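Here is the structure we will look at.
Both ligands and their constituent atoms are indexed starting at 1 by order of listing. Bear in mind the structure is a predicted one, so any value in this text is a computation, not a measurement.
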Amino acid sequence: MDYDAIVVGAGISGLLSALTLSKEGKNVLVFEKSSFIGGNARSYEVDGYKVDTGPHAITGVPVGPIARLFKKYTDGLPELLPHGHYYFRTCKGLAPVPATVKDWAGFNAISHMDKFVFSSLILAEMIKESIMIDKSERSVYDVVKDCKLSEDALKLIDTLCYLLSGKSMKETPSKRMFAGFGIESIKKMNAIDSLYGLKRFLISHKTGSRQWYPVGGLGKIIETVIEEFPEDMVEVRMDSGVDKILIEDGKAVGVECDGVIYKSKTVIYTGFVKDLGKVVTEKLPSSFSDNIKKIKQAKSYTLWLGLKEKLAEMDYIGSEVWYESGEPYWAIPVSNYDASLAPSGKQLIAFTFVVRDTVEKTKKDAWETIVSVFPDIEDLVDMKHEQVTIPEKAAITMDSFFCGPCSPFFGLYLAGTDTDPRSMGLTRAAHSVEEMLAVMKKKGFI
Ligand SMILES: Cc1cc2nc3c(=O)[nH]c(=O)nc-3n(C[C@H](O)[C@H](O)[C@H](O)COP(=O)(O)OP(=O)(O)OC[C@H]3O[C@@H](n4cnc5c(N)ncnc54)[C@H](O)[C@@H]3O)c2cc1C
């Protein structure tokens, strides 16, 4: 049988591709090499707790690309709860992550001098980027290195870089960090609005106000997508890794899986773009293969802890970042959003760490850090579950490359977090699918 489209990979990018194309009247065959649907956006049961594939805060859901795709192709998004505050946990307790220049100026977890220097720096970067249009490529380190910030402040900035890009401040572009203060949105405004925009990010912006978490866990997003597949239009094959994407005379003609050939003139690949050369049957042009060699990835280690009772220090809605000693982490007490994610009266927390050394060393340092921050936690542990994952297929680094939806071959499209640099995670995946659909529309496929 010939298919209108074949999708390689059943993560959020592949499933959104299958949903949108099937709703556009195409019959779609999806191949997934693992035994699970959802890739990095799954939820599953462990000893009565429902864990996700890493802690997730989904960006810009009510207005961004996820909302646009769900609005056009489904009956609506699953129920979502506001993420709540982002906090820094310090030896002195929790402090909300500053969201504006004004907040940084009053942020008491760092010294007066650091506060003054860092808030002036943000202001200078905002003005440079949004008004004077500074096009130079600098790392966050390039921006902060001569500012006489203390070791503690540099550690905090480095931790924020790991959170934003998965890489250190030497590898993170300054735009990645300072765009978090609204530079990108201000740039798109007209002169008067941009002044109001600037004012908002100087004094009234809030962190966490654009992030959400689905009731019932991350997997609810995937479930909603699958429920919306039109009858008989989408077939998903599990445990079916695509060995080859067949290219003839520069055109996609199908895929090979377990020695069987499946024909289609449209193939959507959502695996690692950096590995594309190993999957396609014709050689990639050298300009393309040189570019995809630049793709860098980060690795994360997540430790899920089920606790016999709620940890007093984590009785809030939102998430926290630790940077002061040991391994920096980002943690979310997810059952505070939805108590059904943990057995009655218990608590479920995800702690995630960037793997900066070996996985084994990260695991050891991670546990030591958690116990040093929460000395009573060991006695409360009821369930421990570990995950080692690559959160995004391409980290945003100084010379990172995002290829967009078009491969060098006719009919072979690319979607996923290594094709589009905007936003992060699921939102970036949705941007990539929107871009792919736009190209398909232009080419008359949909
Ligand atoms: C610890 C952690 C924290 C995160 N935090 C956030 C967050 O706060 N907010 C957010 O929005 N996102 C977050 N993310 C990122 C988000 O989960 C991912 O970016 C997103 O799920 C990626 O979707 P994808 O479909 O592009 O890729 P994937 O989920 O990687 O899916 C690709 C799929 O393709 C399959 N595949 C690959 N090659 C083949 C082949 N040859 N044949 C068949 N199948 C194949 C793979 O098995 C996989 O299932 C986080 C991720 C992690 C791990």
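Here the two rings, on H385 and Y44, have centers that are under 6.0 Å apart. A centroid separation of 6.0 Å or more is found between the aromatic rings of Y269 and Y413. Close placement of the F31 and Y262 rings is indicated, their centers lying within 6.0 Å of each other.
Checked by distance only, ligand 1 and K393 come closer than 3.5 Å through their nitrogen or oxygen atoms. Residue K33 has at least one nitrogen or oxygen atom sitting less than 3.5 Å from a nitrogen or oxygen atom of ligand 1, judged on distance alone.
The part of W330 lying near ligand 1 is the side chain, judged by heavy-atom distances below 4.0 Å. Residue contacts with ligand 1 for T352 involve side-chain atoms from C-beta outward but no N, CA, C or O (heavy atoms, distance under 4.0 Å). Contacts between Q387 and ligand 1, counted as non-hydrogen atom pairs separated by less than 4.0 Å, are absent for every part of the residue. With a heavy-atom cut-off of 4.0 Å, T302 touches ligand 1 through its side chain alone. Counting heavy atoms closer than 4.0 Å to ligand 1, residue S300 contributes side-chain atoms (C-beta onward) but none from N, CA, C or O.
Looking at heavy atoms from C-beta onward, I268 lies in side-chain contact with M436 at the 4.5 angstrom threshold. Side-chain atoms of K384 and V381, non-hydrogen and from C-beta on, do get closer than 4.5 Å to each other.
Using a 3.5 Å distance cut-off with no hydrogens or angles, the side chains of W330 and S319 do pair a donor with an acceptor.
Close contacts of ligand 1 with T417, meaning ligand atoms under 4.0 Å from a residue heavy atom, involve 19 (O), 26 (O). Interface of G54 with ligand 1, defined as ligand atoms under 4.0 Å from a residue heavy atom, comprises 1 (C), 2 (C). In the vicinity of F31, heavy-atom distances shorter than 4.0 Å reach the ligand 1 atoms 43 (C), 44 (N). Listed by number with element, the atoms of ligand 1 under 4.0 angstrom from any heavy atom of M424 are 11 (O).
Looking at I37, V8, D418, T419, it is V8 that brings a heavy atom closest to atom 40 (C) of ligand 1. Distances from atom 4 (C) of ligand 1 to the heavy atoms of P391, G14, P55, G11 show the closest one on P55.
Ligand 1 lies less than 4.0 angstrom from a heavy atom belonging to T53. The shortest separation from a heavy atom of R428 to ligand 1 is not under 4.0 Å, leaving the residue out of contact. Heavy atoms of S240 approach ligand 1 to within less than 4.0 angstrom.
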